[in-house]
Amino acid sequence: MPLPSKSSDLVLVGHNPIKDSDGQLTADSVRRLSTISTDSDYELIHFGEPPDFSQAEVDDDASEHDNASTVSDNSHISLTPAFYHHHISPYGRRYHGFQSSCSYILPNDPPEQDREDLLHLLSLDLIYGPHFLSPIGDNLNKILDLGCGTGKWTVEIADKFPFAKVVGVDLSPIQPVLSPENVEWWVDDIEDEEENFFETERDDYDLVHARYLLSMVVDPAGLIGKCFDHLKPGGWIETQDLHPRIMSDDNSIPAKDTYPPAQFMDLAHIAWAQAGVDCRITPQIGEMMKGAGLVNVTCRQFRVPLGPWPRDERIKNLGNLLRAATEGLVPAIMATSSMRKCFVEEEVKELQEGCKKAMGDTKIHGYMWMYFWYGQKPLVEEEIVPL
């Protein structure tokens with residue numbers, strides 16, 4: 001798709017409008033990126049009713065849930081007409097219908113859904129299969145999955161706890177039409193201060209799960225507070241997030257000006273900052289939990305290799321999953337308005353190829369930290385269940 005012409009105030013002398021001759025982001029570039037207008041130029045399209053499915057497609061989908069007690073055609077619930085729309089950007093990516101009010105900048109099209117499913121596999125394989133680490137036991141009656149995406153975690157946890165009500169909430173109606181009957185899907189912007197999902201709910205959740213979410217919202221501490229209010233006493237909140245900073249223990253990562261993945265992480269940080277989001281807050285989530293009133297706050301950190309450099313086959317697979325997910329993130333971030341107004345198509349492709357090559361180099365031993373934070377709502381004052 002042809003790119004719109006660049007405005008003259010973004011053109012600098014040299015090949016790349018935001019990098020200096022050594023390929024590094026300049027201070028002036030960061031300043032100009034921070035003032036770029038993010039007014040929406042997206043095309044609105046009608047989403048309408050859930051698509052029709054052939055009988056063969058229904059049979060195939062149902063067979064994926066043979067372990068579930070019952071599979072039903074679950075509809076979506078929404079508080080706003082935005083549920084019925086997607087937006088298409090001039091660069092060909094499809095987005096949720098809350099463009100005027102929401103800070104979330106990533107698309108919801110099939111390539112992004114595939115990337116989310118890779119991250120789902122990564123999270124499970126990283127901790128050998130459990131869907132959460134909170135020491136909550138098996139007696140769960142009501143579970144909330146915030147930012148449920150394609151609904152993989154939601155459906156699997158509903159199969160695991162068939163007598164619990166499981167609620168999945170997301171900006172986009174991209175969850176399976178056929179799902180266990182104990183699943184309820186909501187399409188909503190949970191950051192909307194005027195009207196959101198939380199206003200309809202009681203304070204009776206046993207577990208609130210938020211994966212790859214808190215580092216993508218404007219007010220993560222406020223969201224934790226809302227979750228706290230809707231937990232039953234003794235209930236747990238668990239978050240799972242990657243910290244988007246590439247590290248190594250042997251100094252094998254090249255200097256940033258010759259290492260495209262590190263350059264991309266800086267650009268992603270800027271793109272999220274345009275939306276008012278600090279994507280690097282993951283290490284501070286524990287303090288936010290304590291500030292909301294949670295107790296027994298615990299952090300579990302795991303190294304996740306970036307690429308196939310580990311010798312151990314299981315860990316190598318984790319590295320390949322993170323590599324593939326990051327490769328998919330590059331075009332998603334670079335399709336945002338702020339990035340497209342500073343990069344031409346050839347430069348986007350150059351960055352993608354550079355990241356792909358660097359992350360496949362087994363001589364570079366990069367990794368990211370994965371944080372699992374969980375905390376408990378007190379049973380009553382001064383009566384806390386010990387871990």
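Electrostatic pairing of Arg340 and Glu345 counts as a salt bridge here, judged by a charged N lying under 4.0 Å from a carboxylate O. Electrostatic pairing of Asp266 and Lys256 counts as a salt bridge here, judged by a charged N lying under 4.0 Å from a carboxylate O. By the 4.0 Å N-to-carboxylate-O rule, Lys356 lies too far from Glu353 to be salt-bridged with it. Lys349 and Glu346 are not joined by a salt bridge, as no carboxylate oxygen comes within less than 4.0 angstrom of a charged side-chain nitrogen.
Enclosure of atom CG in Asp250 by more than 12 non-hydrogen atoms of other residues, nucleotides or ligands within 6.0 angstrom is indicated. More than 12 non-hydrogen atoms from other residues, nucleotides or ligands lie less than 6.0 angstrom from NZ of Lys160. The neighbour count for Arg314 CZ, taken as heavy atoms of other residues, nucleotides or ligands under 6.0 Å away, is above 12.
Annotation for Tyr95 and Ile105: closest pair CE2-O, 3.2 Å, computed over non-hydrogen atoms. Between Met289 and Ile237 the shortest heavy-atom distance is CE-O, 3.9 Å. Closest of all the heavy-atom pairs between Pro261 and Ala358 is CD-CB, 3.6 Å. Closest approach of Cys148 to Trp185, counting heavy atoms only: SG-CZ3, 3.9 Å. What you find for Gly360 and Arg323 is that their closest heavy atoms are CA-CZ, 3.6 Å. Taking every heavy atom of both residues into account, Leu106 and Ile333 meet most closely at CD2-CD1, 3.8 Å.
Once rounded to the nearest 0.5 Å, the distance linking CG of Asp159 with CD1 of Ile157 reads 9.5 Å. Considering CG of Asp206 and CH2 of Trp236, their distance stands at 12.5 Å, rounded to 0.5 Å. To the nearest 0.5 Å, the span separating OG1 on Thr258 from CD1 on Ile253 amounts to 11.0 Å. From Thr154, atom OG1 reaches atom CD of Gln175 across 7.0 Å, with rounding to the nearest 0.5 Å.
Asp278 meets the side chain to side chain contact (heavy atoms under 4.5 Å, CB included) test with His269, Arg280, Ile281; sequence neighbours excluded. In this view, Arg303 and Asp249 satisfy the salt bridge (Lys or Arg N to Asp or Glu O under 4.0 Å) rule, not counting sequence neighbours.
Here the side chain of Lys316 pairs no donor or acceptor atom with the backbone of Arg311 at under 3.5 angstrom.
For Trp309 and His365, the ring centers are positioned less than 6.0 Å apart. For Trp153 and His120, the ring centers sit 6.0 Å or farther from each other. The six-membered or imidazole ring of Phe132 lies away from that of Tyr374, with a centre-to-centre distance of 6.0 Å or more.
In this structure, Lys232 is not positioned above the aromatic face of Tyr205 in the sense of NZ or CZ being under 6.0 Å from the six-membered ring centre and within 45° of the axis.
Side-chain polar atoms of Thr282 and Asp241 form no donor-acceptor pair below 3.5 angstrom.
For the pair Leu126 and Leu318, the minimum side-chain heavy-atom distance is below 4.5 Å.
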